[in-house]
There are 2 protein chains.
Amino acid sequence: MSIPTANKPFTIQDVARIAGVSAMTVSRALNTPQKVAPDTLARVQQAVAQTHFVPNAMASGLRRSRARLVAALLPTLVGPVFQEMVEALDRSLHDRGYQLMIGQSGYDQAREDDLLRATIQRRPDGIVVTGVVRSEEGRRALRASGIPVVETWELTATPVDMLVGFSHAQIGAAVVDYLHQRGHRHIAMVSADDQRALTRIEAFDAQVASLGLSRIAPAFTRPPSTMGSGRQGLRELLARNPEVTAVFCSSDMLALGASIEARELGLQVPAQLAIVGLGDQGVAADASPPLTTVRIDGTQIGRLAADMVVARAEGGSVSPSVVDLGFSIIQRQSS
Amino acid sequence: MSIPTANKPFTIQDVARIAGVSAMTVSRALNTPQKVAPDTLARVQQAVAQTHFVPNAMASGLRRSRARLVAALLPTLVGPVFQEMVEALDRSLHDRGYQLMIGQSGYDQAREDDLLRATIQRRPDGIVVTGVVRSEEGRRALRASGIPVVETWELTATPVDMLVGFSHAQIGAAVVDYLHQRGHRHIAMVSADDQRALTRIEAFDAQVASLGLSRIAPAFTRPPSTMGSGRQGLRELLARNPEVTAVFCSSDMLALGASIEARELGLQVPAQLAIVGLGDQGVAADASPPLTTVRIDGTQIGRLAADMVVARAEGGSVSPSVVDLGFSIIQRQSS
DNA sequence: TTGTAGGCGTTATCAC
DNA sequence: GTGATAACGCCTACAA
C-alpha cells in the first residue's frame, strides 16, 4: 500500500476522461441521472466506482451558492439539555438532504462571536442558534450575511431573524405558583447563571415576592450542569437556608444531583424536600423517585427550526417567523 | 430594515472597491497584515468593518485545497460517553485555527456510509471517527480521499490510517479478574450490543470460562444507553439469574441506572450487588454510592487525535500512527 | 442527449 | 507594497 500522502483525489475531469465523456455529463449523471442516456450513465457510474470519486462540495457549493449545510451553534454538548433538539434537527435536515454541522461556543461571549464568524465563513444555508444572539457585533454579522437564522430556546422582542422558543420568565413564575399551591412557603433555586437562568430567577423572585413569601437567594452552579454540581448546590443552599422545603433546579441533571444529595442528608423526597427539574430529558422520568420537571419539547424545537431554515433556504417565506412553544409542568413523585 | 431576502453578501471585490485597492490587497490585509502598508491596512479594515465582510470559506478552501475544518463522526451525541473526547478535540483544534464539524451516524451502517460520503465531500483537513470503520466501501472511500483519518476508541489490526484507542477485549477480561478477586463467582453484564460491546462480552465470557465460572448471558440494552435502560437491564438480568452478585455495565449511565434499580429492589450496593461502569465521565464519581468504573481517558484521545490530524494536515508525518491508550479500573464504593 | 464557455470568490504567482 | 492574471472544481447557460 502506498504511503497516504496528499495524492490528489480525482476530480470530475478525471472521471470524465475515464468514462470517455465530458465533465458536464459526469455532473449530470451525478445530479440529474434521468437526463443522461442509460448506457452513458452506466459508463460514468463505472468510472465513479472505479475511482471512488466523491464530488468536492466546496466547488459545487461555491458555484451554486448553496452549501447544503445547516449549522447549529450550542453552548455545550455536555449534558442532556439540548440533545433532543439536536437529534431532531439532524434527523429533519438529513431527510431533506442537508447536513448538520455542530459548533460549540461555550458560555463565553468572545468565543461565541468567534464561532459565529467561523460559521458564516462556511456560508451554510441556515444557522440555528441556541439562545438569542446578544452581541451587537454578532447580530450585525448575521444580518449582513443574508443567511437564514433561527434563534431558539428563548424569547426576545428583537430576534435577528426567525425564532422558536419559550418564556423563561413564565417558567420561573409558574414553578413558584405550582410549589406554593402545594403548600410550600420556603422555596428556592439551585441554578446555573447564564442569561436564560437569570431571567428565570428574576421572575421566580418576583413571584415569590408577590405571594408574600420571603426571597431566598439561589445557589449558583458553574456550567456545565452536572449531577455533582446539583449535589453541591443543594448542600450549600440548605446549609445557608435550612428552612427550605422546595427547590427548583435549572436542569434535570442538577435536580437528579439534588435528589441524591437530599437522600444523603437524610431528607425524604418529597416529604421533607420537594424537587423540580427542567428539561425532561429521560433522566427525570428514570430517576428514583421520578422527578417533577418543567417539560421543554426539544424535539419540536428542532423540527420547527429545521422547517423554517429549509423553507427559507429554498426561497420560501416563513410565517409566523416567531413561535412561542410554551412548556408544561410534569408532575411526578419528587414534589 | 429590509426584508431579509437573499441580498448577496459582499465579496472581497466589493471591499476592494470601497477601500480603493485591489482584491489581492484585501486578501493580504486579511491573511498577512504585516505585508501591507499601515495606512492601506487601515483603509481595508475600515471597509471590512463597514460592510461586515466575512470571507467565503468555500472559495478560499477551494483555492487553497485546505478547509481548515476537521470532522468528527460520532454514533450519537446522547449520553456522556464521547463528550470528553469531543470537548478536547474542539479545544485543541480551535487553538490551532481549525473548526470542528460534528456528524452523527447513529449506530446504523448505511447511515454511517452516508455520513462518510457527505463528510468527504466537504474535503475536511482530517476526519476523526469514533470506532473503526467497518464497511469496505467506507474504508476505500476514505483512503481514496487522501484525507488524514484517525479511528478512535477501539483497536484494530487494519486501521484505515491512524488510530488512538484501547482494547475492549482487555477490558472485558480485566473486569472479570477484578470481580473474581473480590470474591464474586456469579458475574454478568448489562450491555449495549454494538461491536465494541460485543468484543468486551466475548472476552468477558472467555475469562469467566477460564476461571471455571459459569457463563451468564448478558442483558442487552438498546441504544442510546440511558439510566432507564440500565434499570430495565438489571431487572431483566436478576429476574433471569437471581444468583448474580456482580454486574459490569457497558457505560456509566447504565451503571447509574443499575444502581438505582438495585436500591429499588432492596439490594445493598455493594454488599449484595457489586456494580462496575465504563467511561468515568463524572456521573460515576458523583453517584451515590460512587461507582467503580473502567476509566477511559477521553480527553487524551481527543487531544492525540487532534495532534495527529493537524500534524498530517500540515504535511508532517505521525509516528507512531497507532496508539493504545489503555484504561484503568477506578475502584469506588459500588464494588 | 451531449458538449463548450464562463464564472462562482478566493489566493499563488509573478510582474511592477 | 501593490496589482494583474490564472486557477482551484464544479455547474448554469447556451449551443449543437
Side-chain angles (χ1 to χ4, degrees), chain A residues 6 8-45 47-48 51-69 120-125 144-147, chain B residues 6 8-45 47-48 51-69 120-125 144-147:
Chain A
K8 298 248 166 185
F10 292 101
T11 72
I12 210 171
Q13 301 284 355
D14 301 320
V15 176
R17 202 169 306 120
I18 293 171
V21 297
S22 75
M24 213 29 242
T25 299
V26 176
S27 177
R28 283 197 194 93
L30 262 24
N31 297 297
T32 50
Q34 73 281 8
K35 291 189 176 174
V36 173
D39 58 328
T40 312
L41 183 57
R43 289 218 313 290
V44 172
Q45 284 170 338
V48 168
T51 54
H52 298 285
F53 169 72
V54 177
N56 183 326
M58 292 192 288
S60 78
L62 179 58
R63 179 61 243 233
R64 300 204 231 229
S65 316
R66 310 201 54 237
R68 293 203 79 78
L69 179 72
I120 294 172
Q121 282 184 196
R122 310 265 165 215
R123 301 290 191 272
D125 301 310
S145 75
I147 301 170
Chain B
K8 299 251 167 185
F10 291 101
T11 72
I12 209 171
Q13 301 284 356
D14 300 320
V15 176
R17 202 169 308 119
I18 292 172
V21 296
S22 74
M24 210 33 241
T25 297
V26 175
S27 177
R28 283 198 195 93
L30 261 24
N31 297 297
T32 51
Q34 72 282 8
K35 290 188 178 176
V36 300
D39 58 328
T40 312
L41 182 57
R43 288 217 312 290
V44 172
Q45 285 171 336
V48 167
T51 55
H52 297 284
F53 170 71
V54 177
N56 183 326
M58 293 192 287
S60 91
L62 177 59
R63 177 63 241 231
R64 301 207 232 227
S65 316
R66 311 201 52 236
R68 293 204 78 80
L69 180 71
I120 294 172
Q121 282 184 196
R122 310 265 166 214
R123 301 291 191 272
D125 301 310
S145 75
I147 300 170

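Residue numbers begin at 1 in each chain, while the letters A, B, ... track the order of the sequences.
Backbone-only engagement by A:Phe53 is indicated by non-hydrogen atom pairs under 4.0 Å involving sugar-phosphate atoms exclusively. Counting non-hydrogen atoms under 4.0 angstrom, A:Ser60 reaches the backbone sugars and phosphates but no base.
With rounding to whole Å, B:Ile120 atom CD1 is found 17 Å from D:dG9 atom C1'. Rounding to whole angstrom units, CG of residue B:Leu41 and C1' of D:dG1 are separated by 12 Å. A straight line from CZ of B:Arg28 to C1' of D:dG3 spans 7 Å, rounded to a whole angstrom. Taking atom CZ of B:Arg17 as the reference point, atom C1' of D:dG3 lies 15 Å away to the nearest angstrom. One interatomic measurement links the two molecules: CD1 of A:Ile12 to P of C:dC8, which rounds to 19 Å at whole-angstrom precision. When the C1' atom of D:dG3 is taken as reference, atom CD of B:Gln13 falls 12 Å away, rounded to whole Å. Between A:Arg64 atom CZ and D:dG9 atom P there is a gap of 17 Å when expressed in whole angstrom units. Taking atom CZ of residue B:Arg43 and atom P of nucleotide D:dG3, one finds them 8 Å apart after rounding to whole Å.
Applying the 4.0 Å criterion to OP1 and OP2 of D:dT2, one finds that B:Thr40 has a side-chain N or O inside that range. Between A:Ser27 and D:dC10 there is no side-chain N or O to OP1 or OP2 distance below 4.0 Å. Regarding contacts with the backbone of D:dC11, a side-chain N or O of A:Asn31 is found under 4.0 angstrom from either OP1 or OP2. Contact check, A:Thr25 against C:dG3: a side-chain N or O comes under 4.0 Å of OP1 or OP2. The phosphate of D:dA7 has neither OP1 nor OP2 within less than 4.0 Å of any side-chain N or O from B:Arg63. Between B:Ser22 and D:dG3 there is a side-chain polar atom (N or O) within less than 4.0 angstrom of OP1 or OP2.
Nearest to the side chain of B:Leu62, among D:dC8, D:dC10, D:dA4, sits D:dC8. Here D:dG9 is the nucleotide among C:dT10, D:dA13, D:dG9 with the atom lying nearest to any side-chain atom of A:Asn56. Here C:dT4 is the nucleotide among D:dT2, C:dT4, D:dC10 with the atom lying nearest to any side-chain atom of A:Met24.
In this structure, the side chain of A:Asp14 engages the main chain of A:Thr11 through a donor-acceptor pair within 3.5 Å. The closest donor-acceptor contact from the side chain of A:Asp125 to the backbone of A:Arg66 lies at 3.5 Å or more, if one exists at all.
Heavy-atom minimum distance, B:Pro124 versus B:Ile147: O-CG2, 3.5 Å. Between A:Ala144 and B:His52, the closest heavy-atom pair is CB-CB, 3.5 Å. What you find for B:Val36 and B:Thr25 is that their closest heavy atoms are CG1-O, 4.2 Å. Counting all heavy atoms, side chain and backbone alike, A:Arg122 lies closest to B:Ala67 at NH1-O, 2.8 Å.
At a cut-off of 3.5 angstrom, counting only N and O atoms as typed in the model, there is no donor on one side facing an acceptor on the other between the side-chain of A:Arg123 and the base of C:dG9.
Nearest-nucleotide positions on DNA chain D for B:Ala23 and A:Ala59 put B:Ala23 closer to the 5' end.
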